[in-house]
Amino acid sequence: MKTTSAISGQFPAAIGWSSLIGSIRNASPALFWTGCVLLAASVVSLLLAGVDQRTFQGVSVWLKPWKFQFSVGTYLLTLALYMVWLPKAAGQSGFMRVVVWSAVVSGLFEVLYITWQGALGHASHFNIGTPFHAAMYGLMGLGAVILSGASLALGVVIWRSDAYALRAPLKKAIVQGLVLSFVLGTVFGAYMSAQPGGHWVGGALTDAGGVPVFHWSRSGGDLRVAHFFGLHALHFVPAFAVLLLTVCKSHHMVGRLVTLFSVTLTLACIGVFLQARAGLPFLSVLG
């Protein structure tokens, strides 16, 4: 197995950072280095946002490139992290090589186009004004499905692996998180991308004055909220399992609570989706 005795059976919070980073790199060099490059690019975009005064839809033209560079980079590194505990044969199989390179290529395509359009001060999403932009938007949709499909594929591989070197509740949480990330992220993303008016539902058609960092609308519904929480199920569900294991020693109980959390997260995503469709801001429930 590619895992060492220092990390076998443990979750990353329980091991040293240097050992963890080395294990992630060894699990999938392609995912690791691509993720690192994208995170480095996100730092550059954040710096550019501070010096370039141009705006698009009320915020810096570099905001969307920054968000996607950071998000896709983190996503690829997360996939590599979950591959750490796979047996060597499964992690280096022909199928997993296809999954890895599909994620890398589609992720880079998405980020490069979004960054290019952002640098020009033009829209990448919902931009079908010319045949070229319409074709690129269609390719972005295909790329997004392929990219998120990597989480489903990895989830199935981990689920089928009897030798996955993590305790049962953590394996269960990772599998559920990966599968939910694909299902919820794809469903809400597909609906959102098909809307001619963009991600807003009522309210001001601008990101200015939105929720800090995310810039979700404060004046109307925003379809990005459900998409965000759905996509990040691959982080939320395993993190919940790790927290539970610090206070509960019963693996059976933790497993049941993880499933309950996954169901609750799914219902919450559906709830904020319906809220957005009704034209209500995400934080309106807080008064």
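The residues of the chain are indexed from 1 along the displayed sequence. In what follows, every heavy atom counts, from backbone to side chain, and hydrogens, waters and symmetry copies are set aside.
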Colleague: Would you mind reporting whether His215 and Gln57 have side-chain heavy atoms less than 4.5 Å apart?
Modeller: no
Colleague: Atom CG of Leu231 and atom CZ of Phe188: how far apart are they, to the nearest 0.5 Å?
Modeller: 10.5 Å
Colleague: For Phe70, does the CZ atom sit with more than 12 other heavy atoms under 6.0 Å from it, leaving out its own atoms?
Modeller: no
Colleague: If we only count heavy atoms from C-beta on, is the His235 to Thr74 side-chain gap below 4.5 Å?
Modeller: yes
Colleague: Does Leu244 reach the side chain of Met253, with side-chain heavy atoms less than 4.5 Å apart?
Modeller: no
Colleague: What are the two closest non-hydrogen atoms of Val258 and Ala241, and how far apart are they?
Modeller: CG2-CB, 3.7 Å
Colleague: Check whether any side-chain heavy atom of Leu39 sits under 4.5 Å from a side-chain heavy atom of Gln69, and report yes or no.
Modeller: no
Colleague: So does Gly209 get a backbone contact from the side chain of Arg218, meaning a donor-acceptor N/O pair under 3.5 Å?
Modeller: yes
Colleague: Same cluster for Leu108 and Phe32 if Ile/Leu/Val/Met/Phe/Trp/Tyr side chains link at under 4.5 Å?
Modeller: yes
Colleague: In plain terms, say whether Asp207 and Lys64 are close enough for a salt bridge, that is, a side-chain N and a carboxylate O under 4.0 Å apart.
Modeller: no
Colleague: Above 12 or not: heavy atoms from other molecules or residues under 6.0 Å from CZ of Arg256?
Modeller: no
Colleague: To the nearest 0.5 Å, what is the distance between CH2 on Trp101 and OG1 on Thr34?
Modeller: 6.0 Å
Colleague: Looking at Leu154 and Leu79, what are the two nearest heavy atoms and their distance?
Modeller: CD2-O, 3.6 Å
Colleague: Linking I/L/V/M/F/W/Y whenever their side-chain heavy atoms sit closer than 4.5 Å, directly or via other members, would Leu152 and Phe95 fall into one cluster?
Modeller: yes
Colleague: Rounded to the nearest 0.5 Å, what's the gap from OG on Ser219 to CG on Leu280? Could you check?
Modeller: 11.5 Å
Colleague: For the residue pair Ile24 and Ala80, what are the closest heavy atoms and their distance?
Modeller: CG2-CB, 3.6 Å
Colleague: If only side-chain N and O atoms count, and only distance matters, is there a donor-acceptor pair under 3.5 Å linking Thr259 with Lys172?
Modeller: yes
Colleague: Going only through I, L, V, M, F, W and Y residues with side-chain contacts under 4.5 Å, is there a path from Val111 to Val37?
Modeller: no
Colleague: So do Ile270 and Leu184 actually touch side chain to side chain, heavy atoms under 4.5 Å?
Modeller: no
Colleague: Under 3.5 Å, is there a donor-acceptor pair between the side chain of Tyr75 and the main chain of Ser151?
Modeller: yes
Colleague: Check the hydrophobic clustering (I, L, V, M, F, W, Y; side-chain heavy atoms under 4.5 Å; chains of links allowed) and say if Phe182 and Ile146 are grouped together.
Modeller: no
Colleague: Decide side chain to side chain contact (heavy atoms under 4.5 Å, CB included) for Phe282 and Phe229; before the verdict, give the C-alpha distance in whole Å, the side-chain angles of both, and the deciding distance to 0.1 Å.
Modeller: CA-CA 12 Å; Phe282 170 57; Phe229 284 110; 3.9 Å; yes
Colleague: Which value, rounded to the nearest 0.5 Å, describes the distance between Ile114 atom CD1 and Trp66 atom CH2?
Modeller: 13.5 Å
Colleague: Would Leu86 end up clustered with Val156 when hydrophobic side chains under 4.5 Å apart are linked, directly or stepwise?
Modeller: yes
Colleague: Taking the side chain as every heavy atom from C-beta outward, state whether Thr55 and Val61 have any atom pair closer than 4.5 Å.
Modeller: no
Colleague: Does the plane of the ring in His133 sit parallel, tilted or perpendicular to the ring in His122? Use 30° and 60° as the thresholds.
Modeller: perpendicular
Colleague: Heavy atoms only: give me the nearest Glu110-Ala144 pair and the separation to one decimal.
Modeller: OE2-N, 3.4 Å
Colleague: Has the side chain of Ser161 got a donor or acceptor atom that lies under 3.5 Å from a matching backbone atom of Ile158?
Modeller: no
Colleague: Return the minimal non-hydrogen interatomic distance between Tyr82 and Pro238, and the atom names on each side.
Modeller: OH-CG, 3.3 Å
Colleague: For Gln176 and Ser262, does a side-chain donor sit closer than 3.5 Å to a side-chain acceptor?
Modeller: yes
Colleague: Does the Ser148 side chain pair with the main chain of Val145, one donor and one acceptor, at a distance under 3.5 Å?
Modeller: yes
Colleague: For Tyr113 and Tyr137, indicate whether the former's side chain and the latter's backbone hold a donor-acceptor pair under 3.5 Å.
Modeller: no
Colleague: Would you say the side-chain atoms of Arg97 pair up with the backbone N or O of Gln92, donor to acceptor, closer than 3.5 Å?
Modeller: yes
Colleague: Would one find more than 12 heavy atoms of other residues, nucleotides or ligands at under 6.0 Å from atom CZ of Arg277?
Modeller: no
Colleague: Which pair of heavy atoms, one from Ser217 and one from Asp222, lies closest together, and at what distance?
Modeller: N-OD2, 3.0 Å
Colleague: How long is the gap from CZ on Arg25 to CG on Leu20, to the nearest 0.5 Å?
Modeller: 11.0 Å
Colleague: Tell me whether Ile128 at atom CD1 has more than 12 heavy atoms from other residues, nucleotides or ligands lying less than 6.0 Å away.
Modeller: no
Colleague: Report the distance from atom CE of Met136 to atom OG1 of Thr130, rounding to the nearest 0.5 Å.
Modeller: 10.5 Å
Colleague: Phe273 and Tyr191: aromatic ring centres closer than 6.0 Å?
Modeller: yes
Colleague: Before giving the answer on side chain to side chain contact (heavy atoms under 4.5 Å, CB included), spell out for Val247 and Leu243 the whole-Å C-alpha distance, their side-chain angles and the decisive distance to 0.1 Å.
Modeller: CA-CA 7 Å; Val247 298; Leu243 290 175; over 6 Å; no
Colleague: Could you check, using the six-membered ring where one of them is a Trp, whether His125 and Phe68 have ring centers closer than 6.0 angstrom?
Modeller: yes
Colleague: Would Asp52 and Trp62 count as having a side-chain donor-acceptor pair, cut-off 3.5 Å?
Modeller: yes
Colleague: Tell me whether His227 contacts the main-chain N or O of Gly185 through its side chain, where contact means a donor paired with an acceptor under 3.5 Å.
Modeller: yes
Colleague: One pair to check against side chain to side chain donor-acceptor pair (under 3.5 Å): Ser45 and Lys67. What are the steps and the verdict?
Modeller: CA-CA 9 Å; Ser45 292; Lys67 287 197 295 186; over 6 Å; no
Colleague: Between Leu46 and Ser42, is the side chain to side chain contact (heavy atoms under 4.5 Å, CB included) condition met? List the steps.
Modeller: CA-CA 6 Å; Leu46 196 59; Ser42 74; over 6 Å; no
Colleague: Taking the inter-plane angle between the rings of His232 and Phe236 on a 0 to 90° scale, is it parallel (under 30°), tilted (30 to 60°) or perpendicular (over 60°)?
Modeller: tilted
Colleague: Passes side chain to side chain contact (heavy atoms under 4.5 Å, CB included), Trp216 versus Phe228? Steps please.
Modeller: CA-CA 11 Å; Trp216 297 329; Phe228 172 85; 3.7 Å; yes
